[in-house]
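Here the structure comes first, spelled out in structure tokens, and everything after it is commentary.
Each chain gets a letter, A, B and so on, in the order the sequences are listed, and its residues count up from 1. Just so you know, these numbers use all the heavy atoms, side chains as well, and skip hydrogens, waters and symmetry mates.
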Protein chains: 2
Amino acid sequence: MAAHDIVPAGAPARLARDQVIVGDSIAEMARLPEKSVDLVFADPPYNLQLGGELKRPDESRVDAVDDAWDQFESFAAYDAFTRAWLLAARRVLKPNGTLFVIGSYHNIFRVGAALQDLGFWILNDIVWRKANPMPNFRGRRFTNAHETLIWAARDAGAKYTFNYEALKAGNDDVQMRSDWLFPLCTGQERLKDAAGRKLHPTQKPEALIARVLLSSTRPGDVVLDPFLGSGTTAAVARRLRRSFVGIEREEAYAEAARARIDAVEPLPEDALLAPPSAREAPRVAFSALVERGFVTPGVELTDAKGRFRAVVRADGTIALAHAAADRSVGSIHRMGALAQGAEACNGWTFWHVEEEGRLHPIDVLRARLRSEMGIAAE
Amino acid sequence: MAAHDIVPAGAPARLARDQVIVGDSIAEMARLPEKSVDLVFADPPYNLQLGGELKRPDESRVDAVDDAWDQFESFAAYDAFTRAWLLAARRVLKPNGTLFVIGSYHNIFRVGAALQDLGFWILNDIVWRKANPMPNFRGRRFTNAHETLIWAARDAGAKYTFNYEALKAGNDDVQMRSDWLFPLCTGQERLKDAAGRKLHPTQKPEALIARVLLSSTRPGDVVLDPFLGSGTTAAVARRLRRSFVGIEREEAYAEAARARIDAVEPLPEDALLAPPSAREAPRVAFSALVERGFVTPGVELTDAKGRFRAVVRADGTIALAHAAADRSVGSIHRMGALAQGAEACNGWTFWHVEEEGRLHPIDVLRARLRSEMGIAAE
DNA sequence: AAGATCTTTGAATCCATGT
DNA sequence: AACATGGATTCAAAGATCT
């Protein structure tokens, strides 16, 4: 089977995966089933407002983005366009889905404000630092050396996907920051037309899109790109074994994207296994430790310095020592907080048990149970 | 004289330099004379004050702000505040003045959109990359490792100040980019209160403000900070021999800022000399070189590779060799362009003269004349 | 064949002054 | 105010060409 099907603009609504749709983004998104997409990646027109032509100091002419699709009458017209496609994207997003938008100072502030107005919840703004940006030839401004991505959840409070551990593990074991460094899309990666000219004026580097997908989706998730262009998002999605839906207005771009996508070989599945994720490990209740005999009711727990003590009860609650009130019985977390006078406490690391004369956090017991269940690392 | 005067909120309007004004930013800006300020640096609050309750746009208040209508209300109030202070700042700015605003994803998109709506002309967005950002403790997002500054002119087409050569010279001779790396304000630089706690929650590093002032102002220029806080902008302005006007609502901050400013010793003036800028050098006509004997009429000029030749005439024009048409006589620039078939040409660097068997650009002769006039670098 | 040098190019809101 | 003209101005990476 080919990597994609082609759906005419008039097709009935259903979420066919791995398709390139030729048509208007807003109209075509309206045909997709609601709440069907895990991630939207959007690279909308930037609304560059360029004056005359620009020449390099050697008198060569800069090939500017002067395409009609990037021209808008006014900020108001651009805002209306932005709100329309954002609303359409929001409808298609699953409740826990997220959205990335990329832009420059020409448009990103308007996009960001519209996102907030429409109820999206911004999670991060991210800076793509360009390793090899075009210089400022006239020496009149700072080199425009970055673009901005906004990452937003469909709603505040959504339980979105973020592969924290995988990113950290791939980043020398430090958290991935909001500033990313990548070179421009040049050389072999840059698609060319029959005459050898760049096929699309704003093709994005695959490495940038790969980080987006690896950070916020899982294998099998559906990624929608409403401004597919040369097909980078779809090609990367296929390589990373994500499904995609791409919408592109211009037939020539869509055609090139289809060929590009078909040439992609998905990575072996074991290359995409997520590293151990503490967050995704199955929950183990303290009561399960009691039930399974890892902790015996009546055993005394203490904090690391032995200042506070509590007794384990059969139901998995614990009772603070030297406290008479009713509320001195509760979860390991509540009682840890109460003992310290703190608002919150991680009981798993606060409370310790003595074994063979040494103190261990009860988290060690939990790890043993998980190990016995064979679910230590998913 | 002290570095500042204190002007009560009810004082009459006049631009007294080097003052810290206690009062409301918008009201106090309205008292300043219009078109009197070269640069506005603003670090506005990003919290939304509504109904007496202080809301912070971080996810810790998810339950409180999951209603889109509430969000809109909050954003609308923030937008109104933003427009009001931006309009007041715009009135005070000189026509060729510029404005910097710093913010995070919570507010910067709204500020940027408002700037554009009000007619400001964005010159750059700039990323302050934090060398030592606070990690994301819960591992649910990318480390928020940057803040964004927007640099905007009062109007499109304005002739703003940009010390391009100085920035480039201080950056290993490559032009300054839009991504800046600075550590947070910590250690000795961070102001503390009597109890040893940080005086102000968002004190900015002086190095960041210094780059702002060094890039977009000249010594003696007036810098206005409508949200002065702990006084960083004013202190840096004084050190760099710029004048300042600071407005701060809270007396405690203003008091601390005044003490801080008074302790600043301005840098020696020669530490602030701008490097030579070809743009600002006095004009010298080619005819002056002929008149002053630096070039003799009849001498032959060639390009660097000896492909084209021309003869110097007594009136400061040159005549292309092997060209008969009338238009083969003209300025060094026109003839350089004509020789190459180019639209434009800098004749000073294109044409060369032979001296003692070596070719020199005629720009060298111009430098000699300037040197003799004592105006090599103004 | 290997290294040195030249050429090309990239989402760009890119000049100043006198007539 | 429109127009003509002087003359100031670029960094990194990839590919092509030359030594």
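C345(B) comes within 4.0 angstrom of a base, heavy atoms only. N47(A) comes within 4.0 angstrom of no nucleic acid atom, judged by non-hydrogen atoms across all strands. Using a 4.0 Å heavy-atom cutoff across all strands shown, P44(A) reaches at least one base atom of the nucleic acid. A344(B) comes within contact range of at least one nucleobase, with a heavy-atom separation under 4.0 Å. Residue R56(A) is classed as a base contact, given a heavy-atom separation below 4.0 Å to a base. Among the protein residues, T202(A) comes within range of the nucleic acid bases, having at least one heavy atom under 4.0 Å from a base atom. Here N144(A) lies in heavy-atom contact (under 4.0 Å) with sugar-phosphate atoms only. Contact annotation for G229(A): no contact, since no heavy-atom pair falls under 4.0 Å across all strands. Nucleic acid contact class of P183(A) (heavy atoms, under 4.0 Å, all strands): none. Using a 4.0 Å heavy-atom criterion, one finds that E53(A) contacts the bases of the nucleic acid, with or without backbone contacts as well. The residue D43(A) sits close to a base: some heavy atom pair falls under 4.0 Å. Within the 4.0 angstrom heavy-atom criterion, base atoms lie near K204(A). Residue contacts shown for A278(B) are limited to sugar-phosphate atoms, with no base heavy atom under 4.0 Å away. Nucleic acid contact class of R366(B) (heavy atoms, under 4.0 Å, all strands): sugar-phosphate only.
Under the 6.0 Å cut-off for aromatic ring centres, F162(B) and W151(B) qualify, their centroids lying closer than that.
Distances from the side chain of D63(A) to the nucleotides dT10(D), dA11(C), dG10(C) place dG10(C) closest. Nearest nucleotide to the K168(B) side chain, out of dA11(C), dC11(D), dT17(C): dC11(D).
Of the possible polar contacts, none joining the D221(B) side chain to the D38(B) backbone as a donor-acceptor pair under 3.5 Å is found.
Going from atom NZ of K55(A) over to atom P of dC15(C) covers 13 Å, rounded to whole Å. When the C1' atom of dA12(D) is taken as reference, atom CG of N132(A) falls 5 Å away, rounded to whole Å. Distance I362(B) CD1 to dG6(D) P: 12 Å, rounded to the nearest Å. The distance between atom OH of Y164(B) and atom P of dG7(D), rounded to the nearest whole Å, is 20 Å. Distance, I332(B) CD1 to dA8(D) C1': 13 Å, rounded to whole Å. The nearest whole Å value for the distance from the CD atom in Q203(A) to the P atom in dA11(C) is 9 Å. Between F350(B) atom CZ and dG7(D) atom P the separation is 16 Å, expressed in whole Å. Atom CZ of R140(A) is separated from atom C1' of dT10(D) by 15 Å (rounded to the nearest Å).
Nucleotide dT13(C) is shown with a syn base, its glycosidic torsion being within 90° of 0.
Looking only at atom types and distance, the side chain of S331(B) has no donor-acceptor partner in the side chain of H333(B) under 3.5 Å away. A side-chain donor-acceptor contact under 3.5 Å links R260(A) and T232(A).
Two residues, T143(A) and S331(B), neighbour DNA chain D, and the one matched to the more 5' nucleotide by heavy-atom proximity is S331(B). Along DNA chain C, the nucleotide closest to K305(B) and the one closest to P133(A) are compared, and the more 5′ of them pairs with K305(B). Of the two residues contacting DNA chain C, namely E147(A) and G139(A), the nearest-nucleotide position lying further toward the 5' end is that of E147(A).
Comparing the same atom, C1', in dA12(C) and in dT9(D) gives a spacing of 14 Å after rounding to whole Å. Separation of the C1' atoms belonging to dG15(D) and dA11(C) is 23 Å when rounded to the nearest angstrom. For dA8(D) and dG10(C), the C1' atoms lie 22 Å apart once the distance is rounded to whole Å. Between dG7(D) and dC14(C), the two P atoms lie 23 Å apart (nearest whole Å). Of the P atoms belonging to dT5(D) and dT13(C), the separation is 29 Å, rounded to the nearest Å.
dT19(C) and dA2(D) make up a base pair, with Watson-Crick or G-U wobble contacts both under 3.5 Å. The partner of dT9(D), taking Watson-Crick or G-U wobble pairs whose two distances both stay under 3.5 Å, does not exist in any strand shown.
Ion pairing between R258(A) and E255(A) holds under the 4.0 Å rule for side-chain N and carboxylate O. A salt bridge links R177(B) with D179(B): the distance from a Lys NZ or Arg NE/NH1/NH2 to an Asp or Glu carboxylate oxygen falls below 4.0 Å.
An OP1 or OP2 oxygen of dG6(D) is reached within less than 4.0 angstrom by no side-chain nitrogen or oxygen of H333(B). Checking the phosphate oxygens (OP1, OP2) of dA11(C), a side-chain nitrogen or oxygen of R190(A) falls inside 4.0 Å. Taking only side-chain nitrogens and oxygens, K159(B) never comes nearer than 4.0 Å to OP1 or OP2 of dA16(C). Dashed line: the shortest gap from a side-chain N or O of R279(B) to OP1 or OP2 of dC15(C) is not under 4.0 Å. Between Q188(A) and dG15(D), a side-chain N or O to OP1/OP2 separation shorter than 4.0 Å is present.
Between F81(A) and Y78(A), the ring planes are tilted. Angles from 30° to 60° get that label.
Residue ring and nucleobase are not stacked for F137(A) and dC14(C) under a centre distance beneath 5.5 angstrom and an angle between planes beneath 30°.
The structure places CD1 of I332(B) at 7.5 Å from CG of N346(B), a figure rounded to the nearest 0.5 Å.
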